[in-house]
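Could you have a look at this structure, given as C-alpha cells, before my questions?
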Amino acid sequence: MRYDLIIFDNDGVLVDSEPISNRHLAAYLTELGVPTSYEDSLRDYMGAAMHRVHDLVLERTGRRLPADFDDVFHARVFAAFERELAPVPGAAEVLGKLAADGVPYCVASSGSHERIRVGHRATGLDRWFPEERIFSSQDVGKGKPAPDLFLYAAERMGVAPERCAVVEDSPLGVQAAVAAGMDVYGFTAMTPAGRLTGATQLYARLGELPDLLI
C-alpha cells in the first residue's frame, strides 16, 4: 500500500448518518423560522461542523440561533441514531482488512466526539476505533474546509501529510484534504461526482476502496 495512514471521515463514509442528521437539521431550522429543505441541508451543511450552521444562518437572516440549538439538535439526532442508524455497507469489512494488513487508520470528523461515539456504538463500529484513533473538529476549533483537522490527525498519528489518504464524501471534506496536501478518495454514494472536484479518485461502493489504495 502506498500510504502510511488512511483517514476516514465518519458521517456518510463509515456510518449512514447523513440522511438522518440532515432530515432533523432541516426540520429544526424550519421549526425555528429558517425554512430549510432536506436538499438545502445536504447542500449547505453536509460534512460541516456545527459552527457553519450558526454562521450561515446569521449571515443569511441576521438572526442568531438559540443558545441551546446544538444541545437540542444533538438530542434529537442521537435518539434517532439509536433507532435507525446503520453502518455504511462494507465499512466493517474495509476496516477489518486494513487491520489485518497492518495498515494504520483513524477517523477525523466534523462531528463532536460524542456524536462519533454514539454512532459507532449504535452500528457496532466502536470495536475498530479506540480513543487514540478518533479525532474531531472539537480538537482544533476550526472545521472543514480548513485543513486543520486532517493535519492534526496526521500529526497525532505520526505520519507526514503526503503519506496520508483521506476518505471523504462531502465537498467541504475534499477541500480540506486537498488543502492539507493529502490524496483524497471521494465517495459518491450520496454526493454527485461533480461536486467532489479535486478528489484524487472517485468510487461508488466502500468495498472498492482497498483496491484503490494499493
Side-chain angles (χ1 to χ4, degrees), residues 1-19 21-22 42-49 52 87-111 116 119 125 128-129 133-137 139-140 142-214:
M1 187 166 290
R2 63 181 183 269
Y3 301 106
D4 295 331
L5 176 66
I6 312 302
I7 304 176
F8 289 92
D9 176 45
N10 190 55
D11 295 291
V13 170
L14 296 174
V15 297
D16 194 17
S17 53
E18 294 291 8
S21 180
N22 284 282
L42 287 176
R43 182 194 65 228
D44 293 339
Y45 305 122
M46 181 173 165
R52 179 176 171 87
V88 169
E93 290 77 11
V94 168
L95 293 169
K97 180 169 176 50
L98 292 176
D101 292 345
V103 179
Y105 64 87
C106 65
V107 63
S109 172
S110 293
I116 297 167
L125 295 183
W128 302 107
F129 289 99
R133 293 193 183 196
I134 297 177
F135 305 100
S136 160
S137 61
D139 301 326
V140 294
K142 195 172 185 182
K144 307 166 189 178
D148 303 41
L149 175 57
F150 290 141
L151 292 172
Y152 175 75
E155 180 184 11
R156 289 292 301 273
M157 295 293 290
V159 178
E162 63 270 18
R163 299 294 302 160
C164 298
V166 174
V167 185
E168 264 289 354
D169 71 328
S170 75
L172 295 176
V174 170
Q175 292 172 42
V178 170
M182 301 175 180
D183 284 353
V184 54
Y185 290 79
F187 187 29
T188 61
M190 278 196 64
T191 306
R195 295 195 64 212
L196 299 180
T197 304
T200 307
Q201 194 159 348
L202 301 173
Y203 66 102
R205 294 184 303 107
L206 198 56
E208 300 171 35
L209 185 62
D211 289 339
L212 298 178
L213 297 173
I214 295 174

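For clarity, every value in this text was computed on a predicted model and none was experimentally measured.
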V167 side chain near V94 side chain, heavy-atom distance below 4.5 Å = no

Of the non-hydrogen atoms in A153 and F135, which two are nearest, and what is the gap between them?
-> CB-CD1, 3.6 Å

Nearest heavy-atom neighbours spanning L206 and A91 | CD2-CA, 3.4 Å

Separation between NZ of K97 and CG of L209, rounded to the nearest 0.5 Å = 11.0 Å

F129 side chain reached by I116 side chain, heavy atoms, under 4.5 Å | no

With sequence neighbours left out, which residue pairs that include part of residues 7-18 fulfil the side-chain hydrogen bond (donor to acceptor under 3.5 Å, both in side chains) condition?
-> D9-K144, N10-H120, D11-S17, D11-R115, E18-N22

Residue that, paired with V184, satisfies side-chain contact (heavy atoms from CB on, under 4.5 Å) out of V166, L196, I7 | V166

Between the main-chain N or O of L151 and the side-chain N or O of R156, is there a donor-acceptor pair closer than 3.5 Å?
-> no

Sidechain-backbone polar pair: S110 side chain, S137 backbone, donor-acceptor under 3.5 Å | no

Kindly give the heavy-atom pair with the smallest separation between C164 and V159, and that separation in Å.
-> SG-CG1, 3.7 Å

Between CG of L149 and NZ of K142, what distance do you get to the nearest 0.5 Å?
-> 12.5 Å

Give a yes or no on whether the backbone of D169 and the side-chain of T191 come within a donor-acceptor separation of less than 3.5 Å.
-> yes

Give a yes or no on whether the backbone of M46 and the side-chain of R52 come within a donor-acceptor separation of less than 3.5 Å.
-> no

Short question: side chain of Y105, backbone of W128 - any donor-acceptor pair under 3.5 Å?
-> yes

Keeping to residues at least two apart or across chains, list the ring pair (Phe, Tyr, Trp, His ring centres under 6.0 Å) pairs with something in residues 186-213.
-> F187-Y203

Return the minimal non-hydrogen interatomic distance between A154 and L5, and the atom names on each side.
-> CA-CD2, 4.1 Å

Would you indicate whether the side-chain heavy atoms of Y185 and L213 approach each other to under 4.5 Å?
-> yes

Spell out, as yes or no, whether a donor-acceptor pair under 3.5 Å connects the side chain of S136 to the backbone of G111.
-> yes

Contact check, side chains of D4 and P104, non-hydrogen atoms, under 4.5 Å | no

Measuring from L202:CG to E208:CD, what's the distance to the nearest 0.5 Å?
-> 10.5 Å

Indicate the atoms forming the closest heavy-atom contact of V174 with E168, along with that distance.
-> N-CG, 4.1 Å

Note, P147 side chain near M182 side chain (heavy atom, < 4.5 Å) = no

